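Working notes, beginning with the structure itself.
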Amino acid sequence: MPKDEPSIGAPPHAIAAVVIGRNEGERLIRCLRSLQGQAQPLIYVDSGSSDGSAAAARALGAEVVDLDLSQPFTAARARNAGLAVLGERAGCVQFVDGDCEVDTDWITTAAAFLQAHPQAAVVCGRRRERFPDASVYNRLCDAEWDTPLGEAKACGGDALMRVAAVRAAGGYRGSLIAGEEPELCLRLRRDGWRIWRIDAEMTLHDAQMQHFGQWWRRSRRAGHAFAEGAALHGAGPERHWAAETRRALFWGTALPAGIILAGLMNPFLMIAILIYPAQFLRLARRMGYTQALFAVIGKFAEAAGAVEFYWRRWHGRARGILEYK
């Protein structure tokens, strides 16, 4: 069961913030300003930005950590670096992605929730897209953030966490290029902690996705995360991302390969390709035409990411960060 944690009451110094980013520009400045007066210390971890992000963060009073350029960048590694610099100065830490603006009431609301729920290690709220109508890809992100309320299996990149609980679990797995939050939450739950998503505005996210290629890279990264997560914990009782990996490989690799092979033997069998529009119509009844279309197409991108993970693991080669903007 979870051990007793330090109080996270009203003193501002009890809650810190760790912001991570790489070339976020004005988005980072907006993020840091939203945290001023809400969290102290305010720590920014920069992953090799070339746009002056580190200097801008220092000008806003943040403590800046510049990651060692000789090692591959990952969001998990950046968050661990911020946690290390934080030391024992706070009982709780708000992790935030540098392209997000934190709601003015969020940290007070989240801290009160943790105070009232001693078995909760992580609390997160509603993340929304800042410009959902700027592109279909932004709208897809906004829908993705709309997850059920209540006790959850995992959080996203923005969440308020108990520092001691995260450290006792071993922190983030620094080698993961994506999916590091669900993997950490899995280990926290194994330690007896709980993860909660509450009905409160948390952050505004700026995906800035304008092109299909950006969405494809992001989906491919998700497939890589599914496969790596399943390789780590898929055999455990949680079956972590095992089903997601199977679906990606089935719809994005095994099924199209089978249809092509069957068609080579008998061209009439190519009619099996109609299973994809049938799947689209099935999903459309539940999630609408746009989400259904990209859910079907996305399986090919996810499969590409999963296959890449297995290929690299077979050859003993780790993958570096996969950015989409």
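All of these numbers come straight from a predicted model, not from anything done at the bench.
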From Asp206, Asp146, Asp97, residue fulfilling salt bridge (charged side-chain N to carboxylate O under 4.0 Å, His left out) relative to Arg127
Asp97
Can you find a side-chain donor-acceptor pair between Arg139 and Thr290 that sits under 3.5 Å?
no
Residues in salt bridge (charged side-chain N to carboxylate O under 4.0 Å, His left out) with Glu180, at least two apart?
Arg79
Quick one about His233 and Glu183 (side-chain donor to acceptor, distance below 3.5 Å, no hydrogens or angles considered), yes or no?
yes
For Arg313, is there an ion pair with Glu228 - N to carboxylate O distance below 4.0 angstrom?
no
May I ask you to check whether Trp216 and Phe300 place their ring centers less than 6.0 Å from one another?
no
Spell out, as yes or no, whether a donor-acceptor pair under 3.5 Å connects the side chain of Ser34 to the backbone of Val102.
yes
Does any non-hydrogen side-chain atom of Arg128 lie less than 4.5 Å from one of Asp142?
yes
Heavy atoms of other groups near Glu323 CD, more than 12 under 6.0 Å:
yes
Looking at CG of Asp158 and CH2 of Trp106, how far apart are the two atoms once the value is rounded to the nearest 0.5 Å?
9.5 Å
State whether the side chain of Arg239 and the backbone N or O of Gly234 hold a donor-acceptor pair below 3.5 Å, judged by distance alone.
yes
When the ring planes of His117 and Phe113 are compared, do they come out parallel, tilted or perpendicular, using 30° and 60° as the limits?
parallel
Tyr137 ring center within less than 6.0 Å of Tyr324 ring center
no
Backbone N or O of Gly298 within a donor-acceptor pair of the Ser219 side chain at under 3.5 Å?
no
Please check: side-chain N/O of Arg194 versus main-chain N/O of Gln119, any donor-acceptor pairing under 3.5 Å?
no
Okay, side chain of Thr245, backbone of Phe226: is any donor-acceptor separation there less than 3.5 Å?
yes
For the pair Arg189 and Glu238, find out whether any cationic side-chain nitrogen is under 4.0 Å from an anionic carboxylate oxygen.
no
Check for a donor-acceptor pair, side chain of Arg187 on one end and backbone N or O of Gly171 on the other, with a separation under 3.5 Å.
yes
I'd like to know if the side chain of Gln36 pairs up with that of Arg33 as donor and acceptor (distance under 3.5 Å, no hydrogens or angles considered).
no
Min side-chain heavy-atom separation Leu255-Tyr276 under 4.5 Å
yes
May I ask you to test the Lys153-Ile195 pair for a side-chain heavy-atom distance under 4.5 Å?
no
Salt bridge Glu26-Arg30, side-chain N to carboxylate O under 4.0 Å
no
Going by heavy atoms in the side chains, are Lys299 and Arg247 under 4.5 Å from each other?
yes
Judged by atom type as modelled, is there a donor-acceptor pair below 3.5 Å linking the side chain of Gln38 to the main-chain atoms of Asp103?
yes
So does Glu88 pair up with Arg167, basic N to acidic O under 4.0 Å?
yes
Asp68 (side chain) donor-acceptor with Ser70 (main chain) under 3.5 angstrom:
yes
Quick one, Leu232 and Arg173 - any side-chain contact, counting heavy atoms below 4.5 Å?
yes
Could you check if a side-chain atom of Leu42 sits within less than 4.5 angstrom of a side-chain atom of Val19, using non-hydrogen atoms only?
yes
Check: Arg77 side chain, Pro72 main-chain N or O, donor-acceptor pair, under 3.5 Å:
yes
Asp51/Arg27 ion pair, N-O < 4.0 Å
no
Looking only at atom types and distance, does a side-chain atom of Gln214 sit under 3.5 Å from a main-chain N or O of His211, one as donor and one as acceptor?
yes
Answer whether the closest heavy-atom distance between the side chains of Arg162 and Cys92 falls below 4.5 Å.
yes
Hey, what's the ring geometry for Tyr289 with Phe280, parallel, tilted or perpendicular (30° and 60° as the breaks)?
tilted
With clusters defined by side-chain heavy atoms of hydrophobic residues (ILVMFWY) lying less than 4.5 Å apart, directly or transitively, does Leu204 cluster with Val96?
no
Give the ring-plane orientation class for His224 versus Phe309, where under 30° counts as parallel, over 60° as perpendicular and anything between as tilted.
perpendicular
